[in-house]
4 protein chains.
Amino acid sequence: MKTAMTGRPRTKPADIRRDELMDAAEVLFLKKGFAATSVSEIVEEADVAKGTFYLYFKTKDDVLAGLQTRFVETFCKAVDTAMAHEHADWSERIAAWVEACVHAYLDNVALHDLVFHQHTPANRAMKSDNAVVTRLAALLTRGAEAGAWNLPEPRLTAVMLFDALHGAVDDSLAFGKTDDREKLVAVVADFYRAALRLS
Amino acid sequence: MKTAMTGRPRTKPADIRRDELMDAAEVLFLKKGFAATSVSEIVEEADVAKGTFYLYFKTKDDVLAGLQTRFVETFCKAVDTAMAHEHADWSERIAAWVEACVHAYLDNVALHDLVFHQHTPANRAMKSDNAVVTRLAALLTRGAEAGAWNLPEPRLTAVMLFDALHGAVDDSLAFGKTDDREKLVAVVADFYRAALRLS
Amino acid sequence: MKTAMTGRPRTKPADIRRDELMDAAEVLFLKKGFAATSVSEIVEEADVAKGTFYLYFKTKDDVLAGLQTRFVETFCKAVDTAMAHEHADWSERIAAWVEACVHAYLDNVALHDLVFHQHTPANRAMKSDNAVVTRLAALLTRGAEAGAWNLPEPRLTAVMLFDALHGAVDDSLAFGKTDDREKLVAVVADFYRAALRLS
Amino acid sequence: MKTAMTGRPRTKPADIRRDELMDAAEVLFLKKGFAATSVSEIVEEADVAKGTFYLYFKTKDDVLAGLQTRFVETFCKAVDTAMAHEHADWSERIAAWVEACVHAYLDNVALHDLVFHQHTPANRAMKSDNAVVTRLAALLTRGAEAGAWNLPEPRLTAVMLFDALHGAVDDSLAFGKTDDREKLVAVVADFYRAALRLS
DNA sequence: AATGAATGAGTTTTCATTCAT
DNA sequence: TATGAATGAAAACTCATTCAT
């Protein structure tokens with residue numbers, strides 16, 4: 001009997017579906033804001049049924065959390081990629097890290113603000129950025145082991161350095177033209193080197 | 001809290017009440033966003049009954065429109081005050097105008113974004129800023145009459161000049177330290193003078 | 001200080017004010033229905049302040065009750081006027097009564113339905129029509145005293161006769177052209193005479 | 001009553017649900033009036049949740065519009081059924097049409113008045129009765145093609161004939177006993193035949 | 001996995017009624 | 001007497017979430 005093509009596509013790999021839903025949510029959240037976007041609109045944009053949304057996310061808040069996680073992952077991936085290149089010394093390594101972070105941040109300010117400010121505004125640099133901090137701490141530890149610098153508290157230092165970068169970028173957000181970016185990167189990298197007593 | 005006192009109306013001048021409601025709304029909208037703020041919260045913050053809100057505003061959207069109007073009025077008042085001082089010549093007059101606008105804008109970015117971005121984001125410098133443009137156009141016309149410059153289209157020139165300033169400020173939002181402000185004011189004022197073929 | 005002419009007219013005789021309010025309410029109730037008419041609209045139509053309404057009526061329902069009372073009064077006045085004329089005999093007197101009632105009813109069906117049906121529909125001939133019944137009972141008693149007929153229960157007879165007339169008119173409402181009215185009057189008058197064993 | 005059972009949705013075909021909601025609304029509107037009936041009462045009568053109502057109707061007004069549409073549909077269906085029978089000639093066909101319309105109208109006066117008078121009272125025979133007019137126009141055109149009569153303006157004639165019937169029924173509403181109906185049908189049918197120069 | 005009708009708590013909005021002036 | 005700002009209970013309407021299919 002079931003002749004009519006009721007009910008759209010069909011089964012898709014879970015990852016794809018989840019990503020499609022997050023893409024739809026991201027587009028709408030960015031366009032209209034989180035609260036002003038309804039789950040109905042998200043599923044319509046993603047072209048799935050209402051229930052499907054709740055197959056992949058526990059609540060509407062949950063998709064925001066997902067977006068946050070994805071932001072951090074993307075961020076980390078960009079940094080990892082940059083760090084994978086050859087680097088002459090630890091100073092260059094630090095500079096590369098700073099450059100990658102600044103760009104990754106500035107390229108997605110709107111998304112960053114969305115996923116980190118939504119619930120408790122005015123708290124840039126939340127705990128969720130931790131994955132980045134963790135990576136930086138690891139880098140610092142490797143540098144210490146290699147004798148590049150001497151740090152009694154690599155984790156704490158990582159937190160401070162990350163927040164320093166975060167603050168600098170926050171403070172220049174709109175001036176983010178390519179050339180300004182380079183200046184910003186240079187300033188921050190210098191700051192890092194000084195903090196690490198490099199050179 | 002809430003010293004009993006339930007019930008009995010406590011009449012206040014309409015202007016005061018309306019302003020109190022707008023103040024309450026502004027505080028909450030700025031803190032939690034427009035959509036996430038309920039009328040119930042607004043009236044609680046303003047310490048009036050639900051119905052009182054609808055005595056002064058047709059809908060929840062209407063209070064946002066009121067906030068927009070008030071923002072422009074405040075903006076204009078600040079500019080007017082600055083222009084009321086003595087000015088050596090038209091060049092100084094233009095500089096004073098630019099300085100007043102830049103400060104009025106930067107001092108209230110959050111509010112500006114709230115009242116102008118809420119419904120259709122990404123459209124800074126909307127038509128509602130017109131009261132400011134109108135003022136600038138009047139200034140340009142007076143200058144033309146005084147022989148300070150020669151402008152075939154004062155209104156159109158005012159629009160372009162205003163949008164130029166708006167864009168410059170948008171582009172520097174976060175760099176807004178006092179000294180940066182001064183540089184920004186200087187740059188924009190220079191731009192204005194050049195556009196008006198002054199000096 | 002009070003220079004501005006704020007606040008409209010001024011004191012008026014209570015009767016006038018009350019009637020103006022009832023007129024306003026009647027017009028609106030007839031046009032939009034009772035529930036769909038707000039007290040705000042009534043006071044606006046009557047050109048007084050909100051509070052003034054509650055100076056003359058306890059509730060919104062109360063004005064409907066007032067309209068009901070006024071309807072009955074107007075009805076009775078019309079009947080009284082008709083009965084004040086000279087009448088050859090009791091048969092003519094009865095005929096005059098019937099004629100006056102039928103016309104008074106048919107001339108104001110909409111108003112009658114409004115004031116009597118609003119709350120419990122489908123109950124034409126309510127107790128409030130009693131003033132009419134009372135009058136009829138008095139007429140019957142006077143006739144009995146004059147020896148025109150013999151009635152052990154004038155009040156009960158009045159009720160039955162009144163309801164009979166009411167029912168007949170209800171049953172012909174829309175047929176109420178002038179000529180039809182005359183036929184209706186004739187039929188009902190005949191019914192009355194028979195019930196009273198007249199002639 | 002109310003055997004617990006709170007919660008769990010019980011899916012039904014959309015048509016059924018919609019009809020149940022309209023049935024509930026019709027019952028209540030007829031009993032208490034449109035304005036005096038709340039959506040809460042409707043959903044309780046229909047035994048569904050509040051939201052379900054808004055799944056099928058945009059607003060409370062919308063369900064009244066739906067009732068109007070349904071009234072016209074039911075009306076047309078009744079007329080169509082009557083016209084589907086064998087008819088000796090066009091005169092009989094016209095008589096059948098008139099009879100069906102008169103009955104369909106008189107059988108549902110209260111509903112007719114509800115759906116057509118609610119918003120703008122005192123305008124029986126609104127434009128929405130058009131589906132009926134359209135049908136009559138089609139009938140007249142077929143008759144013209146069959147040579148039964150000659151009509152330059154079938155549509156306009158249909159409008160006039162329909163309004164004539166509407167008016168006649170309005171004018172006799174309460175006299176609508178079975179035998180009176182027959183007389184009414186006869187008079188109107190005669191009128192139609194005369195207007196069409198039949199026989 | 002996917003669907004979408006159904007739910008109901010929560011929000012916006014209305015309006016009869018009160019009372020200090 | 002008259003006013004109209006203020007009240008708050010109740011009605012209209014929304015939308016995140018559930019679950020039988």
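Note: hydrogens, waters and symmetry copies are ignored here, and every other heavy atom, side chains too, is used. Within every chain, numbering begins at 1; the chains are lettered A, B, ... in the order of the sequence lines, protein sequences first and strands thereafter. Keep in mind it's a predicted model, so treat the numbers as computed, not measured.
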Q) Considering heavy-atom distances to DNA chain F, does P13(B) or P13(C) have its closest nucleotide positioned more toward the 5' end? A) P13(C)

Q | With sequence neighbours excluded, residues passing side-chain hydrogen bond (donor to acceptor under 3.5 Å, both in side chains) with T69(B) | A | none

Q. Between dG4(F) atom P and E44(C) atom CD, what is the distance in whole Å?
A. 12 Å

Q: Could you pull out all residues at least two apart from K77(A) that satisfy side-chain hydrogen bond (donor to acceptor under 3.5 Å, both in side chains)?
A: none

Q | Sequence-distant partners of E26(A), salt bridge (charged side-chain N to carboxylate O under 4.0 Å, His left out), two or more places apart | A | R70(A)

Q) What is the distance from CG of L55(A) to P of dT18(F), rounded to the nearest Å? A) 12 Å

Q. Just by modelled atom types, is the F34(D) backbone N or O under 3.5 Å from a matching donor or acceptor in the K60(D) side chain?
A. yes

Q | Residues forming a salt bridge (charged side-chain N to carboxylate O under 4.0 Å, His left out) with E45(C), sequence neighbours excluded | A | none

Q) For F34(B) and dT11(E), what is the distance between atoms CZ and P respectively, to the nearest whole Å? A) 14 Å

Q. Below 4.0 angstrom from OP1 or OP2 of dT14(F), is there any side-chain N or O of Y54(D)?
A. no

Q: Starting at atom CG of L21(D), determine the distance to atom C1' of dA6(E), rounded to an integer number of angstrom.
A: 11 Å

Q | Under the salt bridge (charged side-chain N to carboxylate O under 4.0 Å, His left out) test, residues paired with R18(A) that sit two or more places apart | A | none

Q) Does DNA chain E take part in any stems of at least 3 consecutive Watson-Crick or G-U pairs (both distances under 3.5 Å), and if so, which ones? A) E:2-21 with F:2-21

Q | Atom-to-atom span, CG of D62(B) to C1' of dT13(E) - whole angstrom | A | 13 Å

Q.
Test of understanding: with side-chain hydrogen bond (donor to acceptor under 3.5 Å, both in side chains), list the residues that count as partners of S38(A), not counting sequence neighbours.
A. E41(A)

Q: Kindly say if R17(B) contacts the phosphate of dA6(F), meaning a side-chain N or O under 4.0 Å from OP1 or OP2.
A: yes

Q. Between dT17(F) atom C1' and E41(A) atom CD, what is the distance in whole Å?
A. 16 Å

What N/O pairs connect the protein and nucleotides 9-11 of chain F at under 3.5 Å? Give each pair on its own line.
none

Q. Pick the nucleotide of DNA chain F nearest each of T52(C) and K58(D); which residue has the one closer to the 5' end?
A. T52(C)

Q: Figure out the CG/C1' separation between D47(C) and dT3(F), and round it to whole Å.
A: 13 Å

Q. Residues in salt bridge (charged side-chain N to carboxylate O under 4.0 Å, His left out) with E73(D), at least two apart?
A. none

(Q) Does Y56(C) reach a base, just sugar-phosphate, or nothing at all? Heavy atoms under 4.0 Å. (A) sugar-phosphate

